[in-house]
Structures are given as C-alpha cells and as structure tokens.
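First the proteins, then the strands, lettered A, B, ... as listed; each starts at 1.
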Amino acid sequence: MLDVKFIRQNPDLVRDAVKKKGMDGEVDIDRILELDGRRRSILSEVEKEKYRRNTVSEKIGEMKKRGEEPVGLLEEMKAVSSHIKELDEEVARIEEELQELLLWVPNPPHPSVPVGPDETGNVEVRRWGTPREFAFEPKAHWDIGSNLGILDFERATKIAGSRFTVFWGVGARLVRALISFMIDLHVKEQGYTEVLPPFMVNEKAMIGTAQLPKFAEDAFRLAGDGFYLVPTAEVPVTNLHREEILDGSELPLYYVAYTPCFRSEAGSHGKDTRGLIRQHQFDKVELVKFVLPETSFEELERLTEDAAEVLRRLDLPYRVIEMCTGDMGFAQAKKYDIEVWMPSYGRYVEISSCSNFGDFQARRANIRFRRTARSRPEYVHTLNGSGLAVGRTVAAILENCQEADGSVTVPRELRPYLGGLKRIEGRSEKDPATAEFDEKPQKPGRRPPVSK
RNA sequence: GGAGGGGUGGCUGAGUGGUCGAAAGCAGCCGCCUGCUAAGCGGUUGAGGGGACUAAAUCUCCUCCGCGGGUUCGAAUCCCGCCCCCUCCGCCA
C-alpha cells in the first residue's frame, strides 16, 4: 500500500506506475485524491468542534463543582455533539472508501526495472550450468516417477482430485530430504533463522502481504472460521512482525521457513496439467528478509543468490530472469525469477521468485523500526524468495538426473539426507544388498535395554 | 464445549464519570557526580492524524487505555456485541 501523502505529492508517478504494471483503468487515482481532499477539509471542521466540546465540557465540570448551574450550555453542547457525530461518520465513510481504493494501487516499480507489457519484456540476466545432452530420449518426470513407483497421480486424484500427488517410499523421503537440505544450507551457511509458522492464517495477514483483496480467488478459504490456507510461507512469516516497531540494530532479519503451499490455481485450467509443476498443494522453503530501506535492493541480489545456491549444490542448470514492469506483480518493486532447466519442457521453468517489496507490505502490515532509541519509526523493507519450491525441484532432479534404465542418480550433496543413497531405482530403499549407497546402511542391531 | 478471571504506555502496574495520555516503579535517553564497575542526583522519554511552515526544527489541535457500537455536556472508568489471553472442568492427537 502507498501512503496517501505520497500519492498526493506524486500523482503522476503513481499514474505512470499503474500504467507500467498494466493496470490501466483498474485504479482511480483521481477519486483517491478527491477523497483525500474531502477527508482533510472535514477533519479540520470536526476538530474545531471537538476542541469546543472539550473546552466547554471542562468548564461545565468546574461550574458544577462550584455548585453553579451550566444554564443553556448543556443544550448547546448536545447539538455540538450530534454535529460531531455526523461529521465523524462522514469521515469514517470517506476513509473506508479511501482505504479500499488504496489497497488496489500497485507498488511502483524501481527505476532499474525494464518496462514491458508482459513476459516478453523480461530480461535474462545470467545462466549457470549447461543442460545435459542425453544419449537417449529423456522422459518427463511424471513418467519417471510413476515408473519408479515414487509418484502416484492416480491415487492422489482418487483421494483428493486433480493437481495433487502422492509420494511413495523414496519419493516421500526425497521431499523430506530436500526440505532439510535447503533449510540447512540457508541456516548454517547463509545466516537465516528457521521458523515453523502456522499453515493457516487470518484475513489480516493475507491483506498485510497483499494476497488480499486483489488475489482472493487464488486462495483457499476455510468455510467455518474464515482461515486461509497459506499460499506461501511469505504470508505467516512476513506477518510475524505485523504491528511491531523493531529495534533498528536488530536489522536485517533473515528468516527461512518450510510450509506446504495451497493454491486454487483458478484460471490456469489446461496449463501444466501433468506432473508436479502446478499443484493445489506443494512444499516450499521460503526466505524472508526485513531490512533497512537503503539496503533492500542490494539485499535482493543476495537473496536471489542464496536461493540459486541450492541449484548449484544440486548441479541443476538454471538462469535468472529480471521481470519487467508488466509481469512482476502488483506488490513488488523489483523481482527476479530463477528458472531451472526442465528437459521435458525443453526450456527453463520457474522454480523460485525473489522480490523486493520496498515498504509496500510494511505499510499494509504496519511493520516499522527505529534507527535509534529516539528516532521516529520508519517502515522496514520486506523481501522474500523461494529457496526453493520443493515439488519443482523434485521434478528437475528426476528429469535432469535420469538414466537410460529409468533410474535416477541422486545429486551428490543430497545423498547424506537420503542415508547415502546414490541411485533411486524404485519405491523401496529397504534392500541394501542391491541399492547403491555411499556407505552401506547399518543393520539395525538389538535395542539397548531401557534403563530405569 | 462449560465455569470463572483478565486485556491500560517498551515492561510491571495504579486508576470505577470531569482537572487522566494516564500515578508509581523498572527499562531507555541526556546531563552531573564517583579512579573503574556498581550505586547516586537532576531532567527527559508513546503512537497516528490535521493545521501553521518551502522543508527540517518548532508550535498547535484532534484521536488512541484489546476491537466495534451505545449512554452522557463529558467515558480508561457505565451498558451491549466481538476478539484474544489465563485458570479449572469436559473432550481430544
């Protein structure tokens, strides 16, 4: 959300931002300015009346104490009070409409962001790794996973519906391994603090990070009590500090959180219908930062690299795309997508999205900080990025690391998280005699007796 | 789900109709003082908004004692609804 004051002082900049973000006709800046003007003029009137009420009421108190009768004053004040009430209601109506309109004004893109209408305006900024040349016809991950017995789309449809997956055996463990691997990297090597938040949030939290009101149809809302299933850990984690004034010396704060993510995927019928790419439920490890305003763009570069490091460790080729104004989203000031090479698509596919929101979310969620004990509160800047989407990472590993015989080589850095397993050859890992391990798993010995 | 208790400033906590944005203590900040540390002394310290001002500083006004309504000339204080927390009982992984 933008400050009305900012809009009042920079109306053309804001109109330009609306245009660049492709929201022409969706936002009425003139109406906002009009409401703002009316609000301020009524406010000065009602405040004069309140001043009068306060001073006269005080006088009435003194008179009564002295035993005098406040002749006529009570009647007069009654009229003043009801006038105040009318004006207050008018102000409240205006503010409600104003607030509603402000929630729909997009965050202006940073000047460095390329201007463009849609994804055709995005700019590739770098590539890492080389897509592998296959000596055989590579399969899509849904075929690899189904053949190995580790992905089961049919049963997922039976128990839930389309766009769900059941992971079996080593497949399930692979998901768990990736989550741990990613979190460990971000915590131990990059200085993030692990958080495990609620997977359901209230409406205020959804508004705070700008999923609402604009993207209501993308979210799952529970019928009974109005909770929302988290569409990303960004929502609960950014809202951790809602309505707080942080100590400036604590900044920057780096958090990493695993959550499942729930998305209705309304409006994406027919897109990515096969496999793990577009699901109603998927796992994601998310990076969230709260930083000083002057550092946020530099922090975005580091955040993006922190996420990309996961792909480098897994030896998966990727590229980084800078999103143009028309494709970057409503709340972002600048955004990079990281795309991983996906052989079945024959192109790079988004696996992470890293954004700087500036003070846009902070203002909505009222997250502030004080530079020193005596300075005025300022809004922090918030950032977040996937580090990474786990389902898509599974897909990328299956496809990029597949072998001619249908097995999958486990990326070296991930093996410790799979008990040293080198190759996925089936659903089961219970047969150490045939499975390949970096170290053979130990036979379970007798349990030591329980000491008393 | 049932019964009871409670939500006041960064924290603890007083305040049951007017002089309360709010005692006191703690913490913080500024200064003084003490060889260092600790202690002591004095002062100071909430947030949001409107206006004056080119802006900062400053001044001034309004609002805010969980949230929303109501009563009243006047509400932290009285009434109603909601939310949250705590204790006990029930249920439950």
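Note: CD1 (A/I60) to C1' (B/rU19) measures 15 Å, nearest angstrom. Atom CD1 of A/I245 is separated from atom C1' of B/rG9 by 11 Å (rounded to the nearest Å). With rounding to whole Å, A/E243 atom CD is found 11 Å from B/rC67 atom P. In this structure, A/M77 places its CE atom 16 Å from P of B/rU72, rounding to the nearest Å. Between the CG atom of A/L74 and the P atom of B/rG18 there is a distance of 16 Å, given to the nearest Å. Atom C1' of nucleotide B/rC73 and atom NZ of A/K59 are separated by 12 Å, given to the nearest angstrom. Between A/E62 atom CD and B/rU19 atom P the separation is 10 Å, expressed in whole Å. Rounded to a whole Å, the CD atom of A/E75 is 13 Å from the C1' atom of B/rU72.
Without hydrogens or angle criteria, A/R371 side chain to A/G248 main chain gives no donor-acceptor distance under 3.5 Å. Remark: side-chain polar atoms of A/R415 are not paired, donor with acceptor, to backbone N or O of A/D438 under 3.5 angstrom.
Residues A/N202 and A/Y228 form no side-chain contact, since every pair of their non-hydrogen atoms from C-beta on lies 4.5 Å or further apart. In this structure, A/L103 and A/M1 have side chains that are in contact, with non-hydrogen atoms separated by less than 4.5 Å.
A gap of 25 Å separates the P atoms of B/rG1 and B/rC79, to the nearest Å. Between B/rU19 and B/rG6, the two P atoms lie 25 Å apart (nearest whole Å). Atom name P, nucleotides B/rC73 and B/rG68: the rounded distance is 23 Å, in whole Å. B/rA24 sits 24 Å from B/rG31 when the P atoms are compared, rounded to a whole Å. Spacing of P atoms, B/rC20 relative to B/rC61, comes out at 16 Å, to the nearest Å. Annotation: B/rG70 and B/rA57 have their C1' atoms spaced 43 Å apart (nearest Å). On the C1' atoms, B/rG46 is 32 Å away from B/rU87, given to the nearest whole Å. Taking atom C1' in both B/rU72 and B/rG49, the straight-line distance is 26 Å, to the nearest Å.
Side chains of A/H280 and A/E265: a donor-acceptor N/O pair is absent below 3.5 angstrom, by distance only. Side chain to side chain, A/N366 and A/R368 meet the donor-acceptor criterion of an N or O pair below 3.5 Å. Residues A/Y336 and A/E305 have side chains that never bring a donor and an acceptor to within less than 3.5 angstrom of each other.
Two rings, from A/F282 and A/F164, have their centers 6.0 Å or more apart. Checked against a 6.0 Å centroid threshold, the rings of A/H241 and A/F290 count as neighbours.
Annotation: proximity of residues 4-13 of chain A to RNA chain B (heavy atom, distance under 4.0 Å) is found for A/K5, A/R8, numbered in ascending order. The stretch residues 79-101 of chain A comes close to RNA chain B through A/S81, A/K85, each having a heavy atom under 4.0 Å from the strand.
For A/E100, the side chain to side chain donor-acceptor pair (under 3.5 Å) partners at least two apart in sequence or on another chain are A/W104. A/R274 pairs by the side-chain contact (heavy atoms from CB on, under 4.5 Å) definition with A/W142, A/D143, not counting sequence neighbours.
Side-chain N/O atoms of A/R40 include none lying less than 4.0 angstrom from OP1 or OP2 on B/rG49.
The structure places CG of A/L311 at 5.0 Å from CG of A/L388, a figure rounded to the nearest 0.5 Å.
Other residues, nucleotides and ligands contribute at most 12 non-hydrogen atoms within 6.0 Å of the CZ atom of A/F227.
Side-chain proximity of A/K65 to B/rC73, B/rU19, B/rG49: nearest is B/rU19. Taking the side chain of A/K64 as heavy atoms from C-beta on, and the options B/rA47, B/rG50, B/rG18, the nearest nucleotide is B/rG18.
Between A/R93 and A/E90 there is a salt bridge, with a side-chain nitrogen of the basic residue lying less than 4.0 Å from a carboxylate oxygen of the acidic one.
Along RNA chain B, the nucleotide nearest to A/L73 and the one nearest to A/R368 differ in position, and the one closer to the 5' end is contacted by A/R368.
With a 3.5 Å limit on both pairing distances and Watson-Crick or G-U wobble geometry required, the stems of 3 or more pairs in RNA chain B span B:1-7 with B:83-89, B:10-12 with B:24-26, B:27-32 with B:40-45, B:46-52 with B:58-64, B:66-70 with B:78-82.
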- [ ] Would you give a per-nucleotide map of nucleotides 52-63 of chain B, 5' to 3', where B means the base has a protein non-hydrogen atom under 4.0 Å away, S means only the sugar-phosphate does, and - means neither?
- [x] ---------BBS
Task: Verdict with supporting geometry, A/H110 and A/F297, ring-ring contact (aromatic ring centres under 6.0 Å, His included) - done: CA-CA 9 Å; A/H110 188 259; A/F297 288 93; 3.8 Å; yes
